[in-house]
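Values reported hereafter were calculated over all heavy atoms of this structure, with side chains retained and with hydrogens, waters and symmetry mates removed. What you are looking at is a predicted structure, and each value in this text was computed from that prediction instead of being measured.
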Amino acid sequence: MGVWTLHTYGVTRGSIALKAYYIKDLAEKIGQDVEIYGWVYRKRRHGKLIFVVVRDSSGIVQISIRKGSVPEESFEAAKAADIESSIRVLGVVKEDERATGGVEVACTMLEVVAPSPDFPIQEDTGPEALLDIRHLTLRSTESQKIMKMKMGLVKAAREFFDGEGFYEVFPPILMGVAGEGGGTLFSLDYFGQTAYLSQTAQLHLEAAIFSLENVYSLTPSFRAEKSRTRRHLTEFSHFEAEMAWCDQKENEGIQERLVTHICNALGERYAGDLECFDQDPAYFRDMEPTFERILYDEAVSLIQETRPDFCFGADLGFEEEKVLTEHFEYPFFVQRFPMSIKAFYMKQEGDRAVCADLEAPGGYGEIIGGSQREDDLESLMARIAAEGEDLEKYEWYLDLRRYGSVPHSGFGMGTERLLRWILKLDHIRSACLFPRTPARVYP
RNA sequence: GCCGUCAUAGCUCAGUCGGUAGAGCGCCCGCCUGUUAAGCGGAUGGUCGCAGGUUCGAGUCCUGCUGACGGCGCCA
């Protein structure tokens, strides 16, 4: 058995360090002896020949186990191995066109590390049942691809911010006051006072720009709305950025460069995975940071072409967004909503907010909401009072306007929303490891 | 908060006019040396979401409840 210690780096079963290599690398090891650790993905028995498809984090490969070519215990172990049992395999890598991927491992030894009796997922398991056992559903190759691409998205976003000289900061999740008026908050007992889970880090990022000027954060945000839609979670990954000395025009420029950088990077680095989701990598790879911009008024006109009953002054509902997004191939900005339907902290010009939402094409909804912030103390106080909010709770926020206020802007980007649009996922839940919705906080 | 749909085996579903609960897949057993979520044979598997009501008789009809799902609103 000396040859095998070569591949385990002297580590034997029972005291495993790291795997020597991963399934995706086997194509470069034709003719070599290899050791594979993984999980049984598929099994097909043919009497004296058994095929086991083994899965690890990097991919899958077919193992052929022939009676007579392996010790009798190995053949019996293969015969008995359940779907998703963890196994250790020794064998020789061979090219074989009959195997998926063109590579197969001819087994010389197989042992079950731990069994997996009655694994509950099978071909026709429905979406609700899959969510009930999300902790097991994550093992699917589709979930693997989504999780890997989500990491790629976050990595690309951080690259962008880093390249633009932003500082990453780490704002609190436990909050004493609401971030945005109106939205429902999750509350909890905080040593006898009521505290809330953050809906947005924006207000705290605004404080940070007076120190670091350009900042961003990636935090969970919570919305206690019973939103039963395919684009809402009660907990989501929120990229937020805030920039001092920045007007709305430059704010939009940063947003489109950010989204474009992310798309370019994914188009280049995840071309194969994008194709698995029927997406054209070239569309993302070649995207340019020149998104179209339309005014809210123009959006209303476009909507009225097909929905004459839609009235000026209303917010764009989902049906309206869907109509609107059919006019665009790439994400686009809708600018200058009426102040009456936007948040108190936005800068006001006439009856309009100095703001823009970035909409994904194809009815996938709003990816980014951003605005120039109100930097004038009196206007801000009047706005907070008009919302019926207690000014005292916002004293610290108002201090930011009392001590060296600056023009500044910022935005928030929903990570799962962006990923959902890129992969055209049916539901935002699929873009999340353990999605939290009004009816689900388990598992 | 509002509107709608659904709830039967581990999973996906069928169940006619109200008359003793069905299929496929999975699990289990047997056969099979090139399969691609293999194939063939056998066996197992049920508080029909819960509580009432109508009826000689309810998975089926009626009432209430619960839960999940889908859509709206809200937003990222």
Who is the Watson-Crick or G-U wobble partner of [N], with both distances under 3.5 Å?
{"N": "B/U5", "result": "B/A68"}
{"N": "B/U33", "result": "none"}
{"N": "B/A23", "result": "B/U12"}

Do the side-chain N or O atoms of [X] get closer than 4.0 angstrom to the phosphate oxygens (OP1, OP2) of [N]?
{"X": "A/His427", "N": "B/G70", "answer": "yes"}
{"X": "A/Arg45", "N": "B/A37", "answer": "no"}
{"X": "A/Arg228", "N": "B/G70", "answer": "yes"}
{"X": "A/Arg44", "N": "B/A38", "answer": "yes"}

I'd like to know if [X] reaches the base of [N] with its side chain, counting only an N/O donor and acceptor under 3.5 Å.
{"X": "A/Gln122", "N": "B/U12", "result": "no"}
{"X": "A/Ser227", "N": "B/C75", "result": "no"}
{"X": "A/Asp124", "N": "B/G24", "result": "yes"}

Among the candidates [options], find the nucleotide nearest to the side-chain atoms of [X].
{"X": "A/Lys226", "options": "B/A38, B/U35, B/G1", "value": "B/G1"}
{"X": "A/Arg417", "options": "B/A76, B/U35, B/A68", "value": "B/A76"}
{"X": "A/Arg223", "options": "B/C69, B/C11, B/C75", "value": "B/C75"}
{"X": "A/Glu225", "options": "B/C28, B/U12, B/C74", "value": "B/C74"}
{"X": "A/Arg231", "options": "B/U35, B/C74, B/C69", "value": "B/C74"}
{"X": "A/Glu123", "options": "B/C69, B/A37, B/U36", "value": "B/A37"}

Gap in Å between the two [atom1] atoms, one belonging to [N] and one to [M], rounded:
{"N": "B/A68", "M": "B/G73", "atom1": "P", "result": "22 Å"}
{"N": "B/G52", "M": "B/U66", "atom1": "C1'", "result": "14 Å"}
{"N": "B/U60", "M": "B/G49", "atom1": "P", "result": "8 Å"}
{"N": "B/G41", "M": "B/A23", "atom1": "P", "result": "15 Å"}
{"N": "B/C69", "M": "B/U35", "atom1": "P", "result": "42 Å"}
{"N": "B/C62", "M": "B/A21", "atom1": "C1'", "result": "23 Å"}
{"N": "B/U5", "M": "B/U44", "atom1": "C1'", "result": "34 Å"}
{"N": "B/U16", "M": "B/G59", "atom1": "P", "result": "12 Å"}

Assess whether salt bridge (Lys or Arg N to Asp or Glu O under 4.0 Å) is satisfied between A/Glu252 and A/Arg257, documenting all intermediate values.
CA-CA 9 Å; A/Glu252 289 167 24; A/Arg257 294 203 301 280; over 6 Å; no

Is a salt bridge present between [X] and [Y], judged by a nitrogen-to-oxygen distance below 4.0 Å?
{"X": "A/Glu416", "Y": "A/Arg231", "result": "no"}
{"X": "A/Lys249", "Y": "A/Glu256", "result": "no"}
{"X": "A/Arg336", "Y": "A/Asp351", "result": "no"}

Under 4.0 Å, counting only non-hydrogen atoms across every strand here, what does [X] touch: a base, just sugar-phosphate, or nothing?
{"X": "A/Ile50", "result": "nothing"}
{"X": "A/Glu235", "result": "nothing"}
{"X": "A/Glu366", "result": "sugar-phosphate"}
{"X": "A/Asp357", "result": "nothing"}
{"X": "A/Glu416", "result": "nothing"}
{"X": "A/Arg440", "result": "sugar-phosphate"}

Let me know, please, whether A/Pro127 or A/Arg42 comes out on the 5' side of the other along RNA chain B by nearest nucleotide.
A/Pro127

Both A/Arg429 and A/Thr415 contact RNA chain B. Taking the nearest nucleotide for each, which residue is further toward the 5' end?
A/Arg429

Give a yes-or-no answer on whether the side chains of A/Glu240 and A/Tyr216 include a donor-acceptor pair shorter than 3.5 Å.
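Judged by distance alone, the side chains do not pair up.
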
Please state how far atom CZ in A/Phe51 lies from atom P in B/C32, giving the value in whole angstrom units.
16 Å

Whole angstrom is fine here: how far is it from CD1 in A/Ile428 over to C1' in B/C75?
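Rounded to the whole Å, the gap is 11 Å.
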
Describe, in one word, how the ring planes of A/Tyr296 and A/Phe337 are oriented to each other, choosing from parallel (under 30°), tilted (30 to 60°) and perpendicular (over 60°).
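Tilted.
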
Test salt bridge (Lys or Arg N to Asp or Glu O under 4.0 Å) on A/Glu104 and A/Arg98 and set out the steps.
CA-CA 9 Å; A/Glu104 178 178 284; A/Arg98 293 171 295 186; 5.7 Å; no

Is the distance between the ring centroids of A/Phe344 and A/Tyr394 less than 6.0 Å?
yes

